[in-house]
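The block underneath contains the structure these notes are about, expressed in structure tokens.
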Number of protein chains: 2
Amino acid sequence: MSADPAVRREIPDATVARLPEYLRSLSRLAEQGVLSVSSEELSAAVGVRSAQLRKDLSHLGSYGVRGVGYEVDTLAFEISRALGLTQDWPVAIVGMGNLGHALASYSGFVTKGFRIVALFDDDPALRGETVAGVAIQPFRELRSRHGADPIAIGVIATPAAAAQTVCDELVEVGVRSILNFAPAVLSVPEDVDVRRVDLSTELQILAFHAQQKALAGLQPVGAAHALDGCVAHAADPEAVAT
Amino acid sequence: MSADPAVRREIPDATVARLPEYLRSLSRLAEQGVLSVSSEELSAAVGVRSAQLRKDLSHLGSYGVRGVGYEVDTLAFEISRALGLTQDWPVAIVGMGNLGHALASYSGFVTKGFRIVALFDDDPALRGETVAGVAIQPFRELRSRHGADPIAIGVIATPAAAAQTVCDELVEVGVRSILNFAPAVLSVPEDVDVRRVDLSTELQILAFHAQQKALAGLQPVGAAHALDGCVAHAADPEAVAT
DNA sequence: CTCACTTTGTGCATAGGTTCACAAACGTCT
DNA sequence: AGACGTTTGTGAACCTATGCACAAAGTGAG
């Protein structure tokens, strides 16, 4: 059954994660009036190897022309289609604190296929407020709102303590794609897709690499002064002796 | 030189990316007064396999006791140390729009090792405003501010158009770790570490998987009604015929 | 002390991802 | 028309990551 050619050919996760970058670069090229691009040029703009780009694109089909390159418009459309951006995705944001406000007014939301249909927050202070043309409602309105215009993607921007409850309710009304900004691991049925974005995790990964650079003094050339001001005190000289 | 045992043993990137999750779960356990935890319990809380957890932890050293498990405090400290959280990381945020405000007041920042030392924005309307106890300054103050209290990590929360310029200036004053929220690929010297967090990319990845689920009707059991309200209209029936 | 039981740490097999290198396919120029 | 230079698409090799399964190392009871 998985060999059935009628089922869309499988695209590796690593490739899917890069497609949005390709699409963004292509959109910029299109704005600049560029009609055609080679894998070498596009990969340089995105910061990957050209072979990787070609292999990634080969998973979508053969949309390049040998000896020439890729037509910008065509490729952008095909990536959009593969990602599912040619259809409309109704999005709801739960939790309208600082982050929720930032997300709701983020322009990246509206650009491609995503449409904010509902904003939820139980804080009475936010009652009646409108962000980006959408009114903030109490979360208990989820069911009625959902019936009117089904939510495809739920964004959780609440404190960690509320995240699981909110998630359960979203799943209950049929939302199967969730983007979670709360620092909590959500448990969901296996047919629900959760992606987590965590600021603190990213910072910690940066800190790790910064420490590695500081421990082994492996700055290439002429970068010694940069290290100076960056990490002044060596961390735990006993580490070597265990 | 890389075989020198004095240099901290190499930890795979995939492992580093999971360490913050382990640390978060351990912190919660510590708050609950739990003293000891097995790889089975901890891995369940984080959502990975127990073998994966054990292998990840083995990269840090042998901090478990066979037949017993891991002491929560000890393990939390060792992970913190491996990640570099036992030292202090001065952070600056550039761009104090909605997102910048959200980041500055995000509690995850202060919890572990990270300390906001400067907020920058050139918008005159923000002049004099204070967020989380730190005053917003014009970006040109970067150099003087940096001299006083060196910045280790720079967070870019500006529009995409300004990101590269801001990045160049940060690198110029010696910042070698950058967290970029702008939808732009930054070019930096190779000794500078950039991590990008992009909302729109995450949404697009979710959209892809949602579309996949809709195309192949592969909901496991009894989940048919959930699909109902989620994605109503089939996408592009011609795709099969190509 | 010995035995039974638990849980870690790790060697090994498998799966997934990246890079190389080159044949196949296209446009162009003569 | 044919030769030439360019660029794609992909097989194969390499590298990284995951999952299994078990020996090693500990605890506790008898």
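The chains referred to below are lettered A, B, ... by the order of the sequence lines, with proteins before strands, and numbering in each begins at 1.
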Q.
Quick check on DNA chain C: between A:Arg54 and A:Val68, whose nearest nucleotide comes earlier from the 5' end?
A.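 Taking each residue's closest nucleotide, the earlier one in sequence belongs to A:Arg54.
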
Review point. When you match B:Gly67 and A:Gly67 each to their closest nucleotide on DNA chain C, which lands nearer the 5' end?
Key: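 Its nearest nucleotide lies further toward 5', so the answer is B:Gly67.
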
Could you grab the distance from atom CG of B:Asp13 to atom CD1 of A:Ile205, nearest 0.5 Å is fine?
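One finds 8.5 Å between CG of B:Asp13 and CD1 of A:Ile205.
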
Does a side-chain N or O of [X] approach OP1 or OP2 of [N] to a distance below 4.0 Å, or not?
| X | N | answer |
| --- | --- | --- |
| B:Tyr63 | C:dT7 | no |
| A:Ser39 | D:dT8 | yes |
| B:Arg18 | D:dT18 | yes |
| A:Ser38 | D:dT7 | no |

Checklist entry - Ignoring hydrogens and angles, does a donor from either the side chain of B:Lys55 or the base of D:dG19 sit under 3.5 Å from an acceptor on the other? => result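 Under the 3.5 Å cut-off, the side chain and the base do form a donor-acceptor pair.
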
Between [Y] and [X], is the closest basic N to carboxylate O distance under 4.0 Å?
| X | Y | value |
| --- | --- | --- |
| B:Glu21 | A:Arg196 | yes |
| A:Asp193 | B:Lys213 | no |
| B:Asp191 | B:Arg176 | yes |

Once you round it to whole Å, what is the distance between [atom2] of [N] and [atom1] of [X]?
| X | N | atom1 | atom2 | answer |
| --- | --- | --- | --- | --- |
| A:Leu75 | D:dT7 | CG | C1' | 14 Å |
| B:Asp56 | C:dT10 | CG | P | 13 Å |
| B:Leu53 | C:dG9 | CG | P | 10 Å |
| B:Glu10 | D:dT16 | CD | C1' | 12 Å |
| A:Asp13 | C:dG17 | CG | C1' | 11 Å |
| A:Ile11 | C:dG16 | CD1 | P | 16 Å |
| B:Arg49 | C:dT14 | CZ | P | 18 Å |
| A:Gln52 | D:dT8 | CD | C1' | 16 Å |

> With a non-hydrogen cut-off below 4.0 angstrom, is B:Ser62 in contact with a base, only sugar-phosphate, or nothing?
Replying inline: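 Sugar-phosphate contact only - B:Ser62 comes under 4.0 Å of backbone atoms but never of a base.
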
Counting any heavy atom closer than 4.0 Å, what does A:Ala14 reach on the DNA or RNA strands: base, sugar-phosphate only, or nothing?
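Sugar-phosphate, no base atom in range.
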
Pair B:Arg54, B:Ser39: side-chain N/O donor-acceptor within cut-off below 3.5 Å: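 B:Ser39 and B:Arg54 do have a side-chain donor-acceptor pair below 3.5 Å.
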
I want to verify a distance call: between C:dT10, D:dA25, D:dG9, whose nearest atom is closest to the B:Arg66 side chain?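 Shortest atom-to-atom distance from the side chain points to D:dA25.
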
